[in-house]
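A short write-up of the structure that comes next.
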Number of protein chains: 2
Amino acid sequence: MKLPIDQIVVGDCVASMKALPDACVDLVFADPPYNLQLGGELHRPDNSRVDGVDAEWDQIGNHDDYDLFSCAWMEEASRILKPDGAIWVIGSYHNIFRLGTFLQDMGFWIRNDIIWRKSNPMPNFKGTRFTNAHETLIWATKTKDAKPTFNYAAMKALNDGVQMRSDWTFPICSGAERLKLEDGKKAHPTQKPEALLHRVLLATTNPGDIVLDPFFGTGTTGAAARRLGRHFIGLEQDMNYAEIARGRIAAIEPGSADAIDVTKSKRAEVRIAFGSLVESGLVKAGDKLYDAKGRARATVRADGSIKAGDKTGSIHQIGALVQNAPSCNGWTFWHFRSGDGLAPIDELRAKARKALADLG
Amino acid sequence: MKLPIDQIVVGDCVASMKALPDACVDLVFADPPYNLQLGGELHRPDNSRVDGVDAEWDQIGNHDDYDLFSCAWMEEASRILKPDGAIWVIGSYHNIFRLGTFLQDMGFWIRNDIIWRKSNPMPNFKGTRFTNAHETLIWATKTKDAKPTFNYAAMKALNDGVQMRSDWTFPICSGAERLKLEDGKKAHPTQKPEALLHRVLLATTNPGDIVLDPFFGTGTTGAAARRLGRHFIGLEQDMNYAEIARGRIAAIEPGSADAIDVTKSKRAEVRIAFGSLVESGLVKAGDKLYDAKGRARATVRADGSIKAGDKTGSIHQIGALVQNAPSCNGWTFWHFRSGDGLAPIDELRAKARKALADLG
DNA sequence: CGGGGAGGTGAATCCTCCT
DNA sequence: AAGGAGGATTCACCTCCCC
């Protein structure tokens, strides 16, 4: 049988995989429905409505249905994978634990779990949880003894000469990269950034390898593959998505240098919260802070806010308040007792930064 | 039955939990064994060696013992948790997917998964994988409808005034914090940093709450709890670990009420009815209200309702109406004439609150 | 052409109390 | 238990328009 190389097969992904022979692909990258189970409408504080994922393909139902569906496509993915091939799956807390468990139960051997840290996630508008600022990927091989492709040196080079870690920081897909319909609406609710796929393919495939994506959507996997000189097989149920993906991929110059401008990941800024000094013990809850002349006095609280008189707030807010100034840099304004004198808390921040830099 | 508050119970954690009554703790923090499949030995939870494990080890997908053990302690943890209590579990890719799946299957509702990013992880020496630079925590409640403690404002304060995200950066436990034996060797192989527990407890418990840790080890949970004015119950099967934990915790000065006080959210404030402002004369019947730009206009009535056009209702209802919005916070939407400009009526509410506080 | 401000938006399990 | 009412709640981008 001739493989549908660099093509998109429209239809049910399990059925499409069944038509492929055993051990024919080098990598599977799967971004399956997350089965989010969202409630009603959600509004931002300014009353605008959040355009959530209400696509029919994400409404799978209870855990049992989701589990059956997951095991079905994963069994086929396993079959068509070469013995030393590898699989990637991506998900959120809604589904990733189940996917990881099934992979393990099916005999897959997890090499790493990878965290995609979003530099610009959607906030939690109601103040009820932590900002959901990441997604999780799993990289696994069919067996414990498999020898998958891993371009260690390329990853190290990509990371300024130090070993690539398991947490990757990328912005979500937006701006010019985000595919839009003619009416200006987003073409797909969950388009992944090409930079993410770039790193996945660069790390775990070689040029000429075949990558299968059973949930192809608008073709980010295909786009990254073409840019990097890999081959893809895309499976997609929705012919509209498939059509958009075809146009997108056709417009890409294979292996051209413009891949580079999507590769650059924004490095996390080293911002130190005053609260983290409390957590790390450099400052203790209950410690006193003073201005440079030892006058204005405030007390540190366990959450990194400080208290002066009956007012509480950040080091900057309270600093401004006690000076009756419009603003204040709390790091240089506030001092702590150090030996026989006072020293600005900025010295503690410098210490924390140094600890991070030395170790991390 | 009298709970072993601020004590360490030596023995099997499942047996110890069985001795506790239903719904008696506010939080469970669990750092269970990670089931590291390093090819050596497998021990049952009671530390007896599993016979024939070497042979079974190569049979892929045999997680039965770990699964049985996990479900056993999680069932008990669920039973002793109060209805609105919460559970945290921490793990790595070796075990966290299974723990998450079991939690979901038992009806727990995941609120967040949290990534602990290690600023100084151990590198991967062989260059065969990405540096394993994180661990995963899951925060869940017994049911979907539970109302767990979440100190949103304190977390925001701790993060310099922006919403706390789901990825937390801390160094691994080392230096002076790392407990050592007399021979200089580390006392426990997987001692967690106290900063991690500080954030967990500050976020999801209140002072005086009871936190149970079924895998107490050398007592990081107890140490953080004591510092923050929370109570702990520690379960630990190794009496040597328990002894080290006792000494460690006894040396800690409990946090003062002032120091453990944190920024509270507005929801915790006393409720003031708009009508009470009319009663107290802060607003008079017949007064005009405006939006921030001085446009939408309403008239205050004697019962605290307001009238815009021919519609009457609460400040919130009419605010939503004139904006054609699904909801509205009338306190911040409506303004009154103050001097030569406009000021939100929330200022009047603050005045009324202050008067209440001064009196009582 | 630059800067500033307004407006839009993203895989989201997103309120709480009282009757 | 369900419904109604009070009222709390956002970060890091992006584009577009105006001056």
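Computation of the quantities below employed the complete heavy-atom set of this structure, encompassing side-chain atoms and omitting hydrogens, waters and symmetry-equivalent molecules. Below, read A as the first sequence line, B as the second, and so on, with proteins coming before strands; counting in each chain starts at 1.
- Between A:Lys126 and A:His188, it is A:His188 whose nearest contact on DNA chain C lies nearer the 5' terminus.
- Salt bridge status for A:Lys118 with A:Glu135: present, with a side-chain N to carboxylate O gap under 4.0 Å.
- Between A:Phe232 and A:Ala225, the shortest heavy-atom distance links the atoms CB-CB, 4.2 Å.
- By the side chain to side chain contact (heavy atoms under 4.5 Å, CB included) test, A:Asp65 is found to be paired with A:Ile60, A:Asn62, residues two or more places apart in sequence or in another chain being considered.
- Ranking C:dC14, D:dA12, D:dG6 by closeness to the A:Asn120 side chain, first place goes to D:dA12.
- In C:dT13 the base sits syn relative to the sugar, since the glycosidic angle is no further than 90° from 0.
- B:Ile315 comes within 4.0 angstrom of nothing in the nucleic acid, heavy atoms only.
- Residue B:Arg271 places at least one side-chain N or O closer than 4.0 Å to OP1 or OP2 of D:dG7.
- The base of D:dA8 sits with one of its N or O atoms less than 3.5 Å from a complementary donor or acceptor on the side chain of B:Ser327.
- Base pairing annotation: C:dC14 forms no Watson-Crick or G-U wobble pair, as no partner gives both donor-acceptor distances under 3.5 Å.
- Using the Watson-Crick or G-U wobble rule with both distances under 3.5 Å, D:dA8 pairs with nothing in any strand shown.
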Quick test: give all pairs of protein nitrogen or oxygen and nucleotides 4-8 of chain C nitrogen or oxygen below 3.5 Å, distance rounded to 0.1 Å.
none

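- A heavy-atom distance below 4.0 Å to DNA chain C is reached by these residues of residues 31-44 of chain A, ordered by number: A:Asp31, A:Pro32, A:Pro33, A:Tyr34, A:Leu36, A:Gln37, A:Leu38, A:Gly40, A:Leu42, A:Arg44.
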